[in-house]
Amino acid sequence: MQIEKYKIEEHNQGLLKEHRRRLDFVAQGLRDVEGLLGKLVEFQVAIPSWALGTGGTRFGRFSGGGEPRSLEEKIEDVGLLHALNGSSGAISLHIPWDIPKQAGSIRALAAQYGLKFDAMNSNTFRDQAGQELSYKFGSLQHVRKDVRKQAIDHNIEVIKYGEQLGSKSLTVWLSDGSCFPGQLNFRQAFQNTLEGLQEIYAALPADWKMFVEYKAFEPNFYSTTVGDWGQSLLYASKLGPKAYTLVDLGHHLPNANIEQIVALLLMEGKLGGFHFNDSKYGDDDLTVGSIKPYQLFLIFNELVEGMDARGMNHATDLGWMIDASHNVKDPLEDLLQSVEAIMLTYAQALLVDRKRLVAAQQGNDVVAAQELLQGAFRTDVRALVAEARLRAGGALDPLALYRAGKVREHLIKERGAGTVATGL
Ligand code: LRH
Ligand code: MN
């Protein structure tokens with residue numbers, strides 16, 4: 001289903017007067033509003049192909065209907081999100097859930113919607129039908145050479161699919177680890193995994209990046225072989241200049257200071273990108289900014305400071321991806337909310353007066369430093385993000401237009417109430 005341009009313009013016409021009033025109000029207190037709006041228009045977030053259907057847990061899955069039945073329909077849904085908010089200009093595929101049968105036509109279809117292909121994702125955390133050797137006891141860490149080779153070959157195959165689609169990066173998340181003390185030799189598991197990643201790294205095209213995603217626990221509950229930022233950095237440093245760490249916000253132990261991790265990985269030039277989501281307990285994969293919005297702000301504050309310190313391009317030099325799962329919300333509404341939260345938080349981080357913050361830090365003026373950060377965080381930047389959408393041809397209120405357009409109802413009529421999308 002597509003939302004026609006005229007419907008978006010009609011929607012915007014009805015909201016324009018109020019939008020202008022709000023924009024004038026917030027803009028009057030700000031410096032370089034045009035510069036900020038330019039950065040917001042450029043900033044694109046990649047949508048995960050595995051999160052366009054309803055997610056679930058081992059306890060249950062409650063499908064909402066109208067889910068995409070093919071890669072083509074997934075691209076259509078991301079195209080709809082991008083038409084509504086102008087900030088979802090890329091899709092991140094997961095193999096084998098999204099094998100492009102005709103890469104040429106898939107690429108053309110995506111281009112039709114103004115979409116690029118972001119990082120490709122391999123999958124050695126589940127045994128596929130017809131798979132010869134099981135990953136029950138791991139993949140690249142496995143004690144058996146033939147299982148490790150099967151996993152290496154799969155990752156190289158994923159790179160091939162990505163090359164056909166114009167992707168420029170591979171995300172490797174390994175569920176490998178152990179559930180009980182004594183089950184695993186940690187050093188051997190690390191060495192096996194490093195050797196496997198080195199073979200995959202050697203197969204990377206010259207202009208590609210490899211993202212090593214770490215995770216503290218699940219599905220293994222005693223050790224994880226890429227378990228935290230330090231281990232991921234160790235792998236990425238030993239692999240070479242094309243290897244980076246990937247920070248999934250839900251992959252940390254409780255109360256981890258993720259903004260400090262981000263600052264240090266950026267300082268080392270080894271931060272590759274993000275899987276944005278939110279969580280209260282574990283890898284809950286909830287809507288971005290729905291539980292800990294201030295933590296997300298503190299992370300973006302470090303990103304803006306660290307990227308400017310290295311002269312990096314905010315929009316293109318890091319991988320901005322969502323990785324969420326929708327157990328109780330309409331997947332497309334959830335993704336609209338997540339992209340909105342990312343854009344609002346990025347805008348707030350751009351408002352921080354860096355010079356005055358450095359002065360406060362140099363003067364150990366703790367109160368002034370906090371006031372500068374919270375002043376930006378407490379600024380209502382919704383009109384600025386809406387203006388960036390308007391300039392990108394999107395809707396002033398994407399969620400309202402999505403609902404007014406009865407999109408889910410249309411998708412259910414078109415695809416059926418019981419369709420199940422491949423993915424988590
Ligand atoms: C693992 C993870 C990884 C994906 C998967 C869908 O928890 O975050 O990034 O491969 O979710
Ligand atoms: Mn992830």
Side-chain angles (χ1 to χ4, degrees), residues 45-58 61 74 90-99 117-128 135 138-140 151 154-155 157-159 161-162 167 169-177 193 197 200 209-221 223-229 231-232 235-236 244-253 256 258 261-262 265 271-279 281-288 296 299 318-327 331 334-335 338 342 421-424:
V45 179
I47 305 295
S49 64
W50 61 92
L52 294 163
T54 304
T57 72
R58 58 188 165 156
R61 185 176 180 284
K74 289 186 176 188
I91 182 170
S92 182
L93 299 188
H94 219 296
I95 305 293
W97 291 330
D98 308 302
I99 291 177
F117 289 94
D118 205 307
M120 302 293 289
N121 296 267
S122 59
N123 180 339
T124 58
F125 51 82
R126 200 176 278 182
D127 290 344
Q128 307 301 330
Y135 293 131
S139 60
L140 297 184
H154 164 68
N155 277 276
E157 185 193 10
V158 173
I159 294 171
Y161 285 127
S167 171
S169 53
L170 168 72
T171 295
V172 180
W173 171 64
L174 301 171
S175 60
D176 294 22
T193 300
L197 289 172
I200 298 164
K209 292 178 177 179
M210 176 196 275
F211 300 143
V212 180
E213 183 177 2
Y214 60 87
K215 183 173 182 178
F217 66 92
E218 188 212 28
N220 277 295
F221 296 104
S223 77
T224 298
T225 302
V226 189
D228 63 23
W229 71 281
Q231 294 171 50
S232 174
Y235 286 110
Y244 300 83
T245 64
L246 186 139
V247 177
D248 184 313
L249 300 189
H251 288 187
H252 301 82
L253 294 174
I258 303 176
I261 293 170
V262 166
L265 291 172
L271 177 64
F274 285 85
H275 278 180
F276 289 111
N277 48 56
D278 210 338
S279 53
Y281 303 105
D283 188 18
D284 310 344
D285 279 344
L286 300 174
T287 315
V288 181
L296 186 68
I299 290 169
L318 286 182
W320 310 109
M321 296 166 273
I322 290 172
D323 181 0
S325 175
H326 327 286
N327 301 354
D334 200 338
L335 290 163
S338 280
I342 291 167
T422 54
L424 274 188

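In listed order, ligands and their atoms are each counted from 1.
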**Prompt:** Where do Leu271 and Leu318 land on the side-chain contact (heavy atoms from CB on, under 4.5 Å) test, with the steps shown first?
**Reply:** CA-CA 7 Å; Leu271 177 64; Leu318 286 182; 3.8 Å; yes

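- No side-chain N or O of Asp176 forms a donor-acceptor pair with one of Asn220 less than 3.5 Å apart.
- Residues satisfying the side chain to side chain donor-acceptor pair (under 3.5 Å) test with Gln128, not counting sequence neighbours, are none.
- Inspection of the environment of the Mn ion (ligand 2) yields the following protein N, O or S atoms under 2.8 Å: Glu213 OE2, Asp248 OD2, His275 ND1, Asp323 OD2.
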**Request:** For Asn277 and Leu249, run side-chain contact (heavy atoms from CB on, under 4.5 Å): C-alpha distance rounded to whole Å, both residues' side-chain angles, the deciding distance at 0.1 Å, then the answer.
**Result:** CA-CA 6 Å; Asn277 48 56; Leu249 300 189; 3.7 Å; yes

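- Applying the side-chain contact (heavy atoms from CB on, under 4.5 Å) criterion to Thr287, with sequence neighbours excluded, gives Ser290, Lys329, Asp334, Gln337, Ser338.
- Between the side chains of Trp50 and Asp98, not a single donor N or O lies within less than 3.5 Å of an accepting N or O.
- Phe276 and Trp320 have parallel rings, their planes meeting at less than 30° on a 0 to 90° scale where 60° marks the start of perpendicular.
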For ligand 1, list every N/O pair with the protein closer than 3.5 Å, one pair per line with the distance.
residue	atom	partner	partner atom	Å
ligand 1	7 (O)	Lys215	NZ	2.9
ligand 1	7 (O)	His251	NE2	3.1
ligand 1	7 (O)	Asp283	OD2	3.1
ligand 1	8 (O)	Glu213	OE2	3.2
ligand 1	8 (O)	Asp248	OD2	3.0
ligand 1	8 (O)	His251	NE2	3.1
ligand 1	8 (O)	Asp323	OD2	2.6
ligand 1	9 (O)	Glu213	OE1	2.7
ligand 1	9 (O)	Glu213	OE2	2.9
ligand 1	9 (O)	His275	ND1	3.2
ligand 1	9 (O)	Asp323	OD2	3.1
ligand 1	10 (O)	His94	NE2	2.8
ligand 1	11 (O)	Asp323	OD2	3.2

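- Of the possible donor and acceptor atoms, one in the side chain of Asp127 sits under 3.5 Å from a partner among the backbone N and O of Tyr135.
- No side-chain N or O of Thr57 forms a donor-acceptor pair with one of Asn327 less than 3.5 Å apart.
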